[in-house]
Protein chains: 2
Amino acid sequence: MTRTPTPAKPSTPRRRGRPAGRSGPGRDSDARAHLLEVALRLFAEHGIAATPLSLIARKARVTPALLHYYFGSKDKLVDALVDEKLQPLSAALGQGLIRSGHDLRSALEVFVGTLIELLSANPWFPPLWVREVLSEGGQLRKRLIERVAPALAHRVRDLAAGAQAKGRLNADLDPRLLMVSLIGLTIFPLAAQPIWRAIYAADDITPEVLRRHVLALLLRGLELDDAN
Amino acid sequence: MTRTPTPAKPSTPRRRGRPAGRSGPGRDSDARAHLLEVALRLFAEHGIAATPLSLIARKARVTPALLHYYFGSKDKLVDALVDEKLQPLSAALGQGLIRSGHDLRSALEVFVGTLIELLSANPWFPPLWVREVLSEGGQLRKRLIERVAPALAHRVRDLAAGAQAKGRLNADLDPRLLMVSLIGLTIFPLAAQPIWRAIYAADDITPEVLRRHVLALLLRGLELDDAN
DNA sequence: AATTTATTTAATGGATAATTTAATTTCAAG
DNA sequence: CTTGAAATTAAATTATCCATTAAATAAATT
């Protein structure tokens with residue numbers, strides 16, 4: 001009922017035609033890049049299917065037709081997002097693991113560190129990932145699962161299995177579950193941030209605090225001393 | 001394009017009127033309960049908003065009108081689901097923690113154990129929780145966050161902070177992040193099950209294996225022996 | 001017989017969304 | 001200047017889909 005029929009309130013209803021642009025020689029007006037950013041934010045917040053082009057357009061202060069002008073269709077917009085935003089980030093995440101050598105401890109320290117760092121710098125990723133990869137029917141599931149995930153998952157499992165065989169890793173762990181545990185301790189908490197911030201205001205929980213917490217838990221566990 | 005106009009294929013198009021029922025004295029026909037089950041399954045799979053009543057009806061081999069007969073509206077159907085399915089399960093989860101005394105180790109063992117047990121017995125929970133609680137805009141967020149979560153979260157935090165103050169808990173952990181970590185190691189992996197099962201077929205990862213893995217990780221950590 | 005319960009059929013009434021076409025304005029090149 | 005290309009909007013097009021209600025029907029209960 002708060003919805004205005006159509007005229008809405010485009011405070012700057014921008015009249016037709018090409019806008020008088022600062023077309024400096026350096027960069028073109030960058031409208032496309034801006035649209036991608038806005039779309040990414042909204043897709044992360046509401047989910048891809050639940051985000052109409054008209055919403056993206058409104059937030060970007062343009063019309064849906066312009067989205068078609070730049071991207072051709074909603075599907076191709078998603079494609080562009082995957083190619084230009086998701087793949088690069090996923091690749092960067094993968095690098096952290098690959099480059100880290102075969103010592104499991106240092107590999108983990110590097111991986112967790114860069115992971116938390118990258119995710120904090122790209123806060124749209126965790127919620128988007130939860131919706132579109134983790135959830136059944138997510139639109140990015142296939143694309144990301146077929147490319148990025150297996151390489152990482154197998155690498156982690158193999159590192160772990162190797163260490164375990166040599167008695168250097170807690171024998172009660174399942175190497176195949178280690179990758180899931182890693183994600184459950186990093187991407188998941190960041191996606192859940194709005195929830196725990198609502199439960200106990202915790203502005204002092206910085207990415208660095210999270211990193212320390214996760215690595216402490218992974219490397220040493222709770223270190224409970226009994227004594228009831 | 002696989003969608004049939006309307007006539008669909010209700011192989012048993014059930015003729016009108018009250019069906020000839022086994023109305024045995026013991027239990028009434030149980031149709032309502034069945035509808036709730038079907039709705040729950042579909043809501044978990046596709047999300048609440050994305051599940052039309054017509055789909056629930058089709059899967060339950062009835063018509064949408066019957067859903068209104070029993071529940072009045074889609075909203076009220078969701079209410080019924082929360083009251084009759086979610087609250088009880090959440091409460092049971094909470095019990096596991098409350099009853100477990102104040103020794104942190106045994107509390108955790110009990111909590112993780114019952115949690116994994118209950119979730120495995122109710123596989124609809126993790127995906128539903130991811131969609132409707134974890135995701136922004138989820139329809140169950142408010143209801144569950146305001147009731148169940150704070151009690152649990154504060155309890156865990158206080159137990160942890162207490163233990164930490166007495167030097168009995170790894171000092172690098174943040175007590176407030178412990179609850180999130182617990183969920184990230186239990187509910188999250190179960191919600192992600194379809195993904196890792198697709199990556200490496202792992203039929204031998206039973207709930208018991210997961211429980212052992214999680215407790216091993218929590219209580220002892222990776223126990224890495226360096227040596228590269 | 002009469003009434004209540006369970007069910008379907010068949011509207012009803014909205015709402016929304018992606019995409020296309022045509023018009024408009026500015027910019028850049030000749 | 002002139003002209004064509006680029007960027008934008010307005011308006012139309014087209015395609016659904018979905019919750020809810022009203023009325024009809026059949027069985028069960030009293």
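Owing to the predicted nature of the structure, the values given are computational and were not obtained by experimental measurement. So that the names make sense, note that chain A is the first sequence line, chain B the second, and so on, each numbered from 1.
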[X] (side chain) donor-acceptor with [Y] (main chain) under 3.5 angstrom:
{"X": "A:W196", "Y": "A:P189", "answer": "yes"}
{"X": "B:H46", "Y": "B:T51", "answer": "no"}
{"X": "B:T114", "Y": "B:F111", "answer": "yes"}
{"X": "B:R131", "Y": "B:E45", "answer": "yes"}

Name the closest nucleotide to the [X] side chain, picking from [options].
{"X": "A:S73", "options": "C:dT19, D:dC18, C:dA17", "result": "C:dT19"}
{"X": "A:R16", "options": "C:dT24, C:dT8, C:dT19", "result": "C:dT24"}
{"X": "B:A65", "options": "C:dT7, D:dA22, C:dT20", "result": "D:dA22"}

Please give, in whole Å, the distance from [N] [atom2] to [X] [atom1]?
{"X": "A:H68", "N": "D:dA6", "atom1": "NE2", "atom2": "P", "value": "20 Å"}
{"X": "B:F71", "N": "D:dT20", "atom1": "CZ", "atom2": "C1'", "value": "16 Å"}
{"X": "B:I56", "N": "D:dC18", "atom1": "CD1", "atom2": "C1'", "value": "12 Å"}
{"X": "B:K74", "N": "D:dC17", "atom1": "NZ", "atom2": "P", "value": "15 Å"}
{"X": "A:R61", "N": "D:dT9", "atom1": "CZ", "atom2": "C1'", "value": "15 Å"}
{"X": "B:L66", "N": "D:dA26", "atom1": "CG", "atom2": "P", "value": "17 Å"}
{"X": "B:R32", "N": "C:dT7", "atom1": "CZ", "atom2": "C1'", "value": "17 Å"}

task: Take B:R143 and B:V78 through the test side-chain contact (heavy atoms from CB on, under 4.5 Å) and record every step on the way to the result.
output: CA-CA 11 Å; B:R143 316 194 209 204; B:V78 174; 3.6 Å; yes
query: Does a side chain donor of either B:S73 or B:H68 reach within less than 3.5 Å of an acceptor in the other side chain?
result: no
query: Which of residues 43-53 of chain B have a heavy atom under 4.0 Å from DNA chain D?
result: B:P52, B:L53
message: Does C:dT20 have OP1 or OP2 under 4.0 Å away from a side-chain N or O of A:Y69?
response: no
Please enumerate all protein N or O atoms sitting under 3.5 Å from an N or O of nucleotides 11-14 of chain C, with distances to 0.1 Å.
none

- prompt: Are B:H34 and B:D30 side-chain neighbours, meaning at least one heavy-atom pair lies under 4.5 Å?
  reply: no
- request: Decide yes or no for B:L217 and A:L177: does some side-chain heavy atom of the first lie under 4.5 Å from some side-chain heavy atom of the second?
  value: no
task: Please report the closest heavy-atom contact between A:I205 and A:R197, naming both atoms and the distance.
output: O-NH2, 3.4 Å
